[in-house]
Colleague: 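This is the structure I have questions about; it appears just below.
Remember, it's a predicted structure, so these values are computed and weren't measured experimentally.
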Amino acid sequence: MALTGRTALLAALGSVPIGIWDPSWTGILAVNAPLAVACACDFALAAPVRRLRLTRSGDTSTRLGDTADVTLTVTNPSNRPLRAHVRDAWPPSSWQPGTETTASRHRVTVPAGERRRVITRLRPTRRGDRQSDRVTIRSYGPLGLFTRQGTHRAPWTVRVLPPFTSRKHLPSKLSRLRELDGRTSVLTRGEGTEFDSLREYVPGDDTRSIDWRATARQSAVAVRTWRPERDRHILLVLDTGRTSAGRVGDAPRLDASMDAALLLAALASRAGDRVDLLAYDRRVRALVQGRTAGDVLPSLVNTMATLEPELVETDARGLTATALRSAPRRSLIVLLTTLDSAPIEEGLLPVLPRLTQRHTVVLASVADPHISRMAKARGNTDAVYEAAAAAQAQAERDRTADQLRRHGVTIVDAIPDELAPALADAYLELKAAGRL
């Protein structure tokens, strides 16, 4: 079969053994000499790689599940045009599985003395900082027979933020907050502890809210309205110990706890309360304090982006001491941790009175929906055993929750998709009852 193009040239060159002279080869050498010259010229005309200059621009952050576009600018200072393949390497978690090959490789042509831009589109699959690796460039000659290859460093970091999927619940929770805050007409006695104003009595109002002194001074019956107290302190405590690494569905428990903390922080800041964050296992992993209402949510999101579960047992005594130092005055302390019996009974229960005697405490825990499905399983012996195991696990969880309630702790136990709105509801109920 006849060979043509690049294959013929390479085959012809490969037929000449380098470093050996034999009179019988002179004819072949004479024939291949033009091809050798063409290949040498092709190599010489390939633009040099080491002299290229690379710079970056583009997105520096994105939410988990969204995309980030990073622009790589290739400047060719040589007097030869650059025809190249570019591989922009990033960590594997920067793309969805199976898309790295097409997303990280580019074909570029840069005339002499000019520059061109290529865009690498990232779609990260994990939170945290994603840092660019090496940029590999393969420069081709005009005939594509020989190449020059080299690598460059072009540092760039994209921070992958928590997705905050529970944001969709915020409008409904804010509507309920407005009712409590006196901005709608459904104010009733007990909806808060701060006196707000007087208004005329309407049928259906609680008679206990009538202000008899004000009524005596005017012709109409006057009632008092109340609103929740403002400027209360809320401390969100994220347990980053080993139990937070357990996966429920496709994500660690820590991610669901973060999502619930973000919704509560957004709601509480709108209510005029001050929100701080403490992440702890055996030492402080993150601490956010003193942020304004407009800055608290961006600060929490940015801080949570780099938090990862630590495979160590949480030091409950150290966590309690740190929380007390972070909340010197009466506050709402929200513990986002596990309801597993062993860590609670051996770690938290002995030190819990130190928190409850000074603060209002809410414990929010991520429940595994698989346990509920197992409890309903029937049909064969394995399914019955699974149902029995699930019932036992749920009974232990309920028993642990009852122990905490006896200490005055409010318990929020829900599956990942329901934890954030359930925690927000618990906050609003405490607000309405005047416990904040």
Colleague: What's the spacing between Glu100 CD and Leu122 CG if we round to 0.5 Å?
Modeller: 10.5 Å
Colleague: Side chain to side chain donor-acceptor pair (under 3.5 Å) with Asp315: which residues, sequence neighbours excluded?
Modeller: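 Asp315 satisfies side chain to side chain donor-acceptor pair (under 3.5 Å) with no other residue.
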Colleague: Against Leu335, only a single residue in Val361, Leu238, Leu278, Val409 fulfils side chain to side chain contact (heavy atoms under 4.5 Å, CB included); can you say which?
Modeller: Val361
Colleague: Which residues pass the side chain to side chain contact (heavy atoms under 4.5 Å, CB included) test with Gln149, not counting sequence neighbours?
Modeller: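 For Gln149 the side chain to side chain contact (heavy atoms under 4.5 Å, CB included) partners, ignoring immediate neighbours, are Thr136, Arg138.
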Colleague: Enumerate the residue pairs fulfilling salt bridge (charged side-chain N to carboxylate O under 4.0 Å, His left out) with a member in residues 234-246, sequence neighbours excluded, ordered by first and then second residue.
Modeller: Arg242-Glu313
Colleague: So does Ala420 get a backbone contact from the side chain of Ser166, meaning a donor-acceptor N/O pair under 3.5 Å?
Modeller: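 Judged by distance alone, no pair lies under 3.5 Å.
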Colleague: With distance as the sole test, does Thr303 use its side chain to make a donor-acceptor pair with the main-chain N or O of Leu300 at under 3.5 Å?
Modeller: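 It does not hold such a pair.
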Colleague: Check side chain to side chain donor-acceptor pair (under 3.5 Å) between Asn302 and all other residues, then give those that pass, not counting sequence neighbours.
Modeller: Arg159
Colleague: With sequence neighbours excluded, tell me which residues meet side chain to side chain donor-acceptor pair (under 3.5 Å) with Arg405.
Modeller: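 Partners of Arg405 by the side chain to side chain donor-acceptor pair (under 3.5 Å) criterion, ordered by chain and then number, come out as Asp402.
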Colleague: State which residues pass side chain to side chain contact (heavy atoms under 4.5 Å, CB included) with Asp255; sequence neighbours excluded, sorted by chain then number.
Modeller: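 Partners of Asp255 under the side chain to side chain contact (heavy atoms under 4.5 Å, CB included) test: Arg127, Ala251, Pro252.
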Colleague: Is there any salt bridge (charged side-chain N to carboxylate O under 4.0 Å, His left out) pair reaching into residues 323-333, and which pairs are they, with sequence neighbours excluded?
Modeller: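 As it turns out, there is no salt bridge (charged side-chain N to carboxylate O under 4.0 Å, His left out) pair with a partner in residues 323-333 once direct neighbours are skipped.
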Colleague: Could you walk me through whether Tyr427 and Asp273 satisfy the side chain to side chain donor-acceptor pair (under 3.5 Å) test, starting with their C-alpha distance in whole Å, then the side-chain angles of each, then the deciding distance to 0.1 Å, before giving a yes or no?
Modeller: CA-CA 11 Å; Tyr427 164 78; Asp273 292 332; 2.6 Å; yes
Colleague: Would you mind listing every salt bridge (charged side-chain N to carboxylate O under 4.0 Å, His left out) that reaches into residues 277-294, with sequence neighbours excluded?
Modeller: Asp281-Arg285, Arg285-Glu310, Arg291-Asp295
Colleague: Any side-chain heavy atom of Leu339 sitting closer than 4.5 Å to one from Leu363?
Modeller: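 Result yes, sub-4.5 Å side-chain heavy-atom pair found.
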Colleague: If you look only at pairs with a residue in residues 107-121, which of them pass as a salt bridge (charged side-chain N to carboxylate O under 4.0 Å, His left out), with sequence neighbours excluded?
Modeller: Asp69-Arg121, Glu114-Arg116
Colleague: Could you tell me whether Glu429 and Arg176 have a side-chain N and a carboxylate O separated by less than 4.0 Å?
Modeller: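 No salt bridge links Glu429 with Arg176.
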Colleague: Going by the side chain to side chain contact (heavy atoms under 4.5 Å, CB included) test, name the single residue among Val248, Asp259, Asp250 that passes it with Pro416.
Modeller: Val248
Colleague: Set out, in order, the CA-CA distance, both residues' side-chain angles and the distance that settles salt bridge (Lys or Arg N to Asp or Glu O under 4.0 Å) for Asp425 and Lys431, then state yes or no.
Modeller: CA-CA 10 Å; Asp425 288 339; Lys431 204 82 169 168; over 6 Å; no
Colleague: Minimum heavy-atom separation for Val296 to Ser269, with atom names?
Modeller: CG1-CB, 3.8 Å
Colleague: Compile the donor-acceptor pairs under 3.5 Å between side chains in residues 340-358 and protein atoms, sequence neighbours left out, one pair per line.
Modeller:
unit_1	atom_1	unit_2	atom_2	d
Asp340	OD1	Thr338	OG1	3.4
Asp340	OD2	Thr338	OG1	3.2
Thr356	OG1	Leu352	O	3.4

Colleague: Any idea which heavy atoms bring Asp413 and Val366 closest together, and the distance?
Modeller: OD1-C, 4.4 Å
Colleague: Salt bridge (Lys or Arg N to Asp or Glu O under 4.0 Å) with Arg123: which residues, sequence neighbours excluded?
Modeller: none
Colleague: So which heavy atom on Gln289 is nearest to which on Leu287, and how close?
Modeller: OE1-CD2, 3.6 Å
Colleague: For side chain to side chain donor-acceptor pair (under 3.5 Å), just list the numbers for Asp276 and His233, CA-CA rounded to whole Å, side-chain angles, deciding distance to a tenth of an Å, and then say yes or no.
Modeller: CA-CA 8 Å; Asp276 293 340; His233 180 225; 2.8 Å; yes
Colleague: Once salt bridge (Lys or Arg N to Asp or Glu O under 4.0 Å) is applied, do any residues pair with Arg153, and if so which ones, sequence neighbours excluded?
Modeller: Asp133
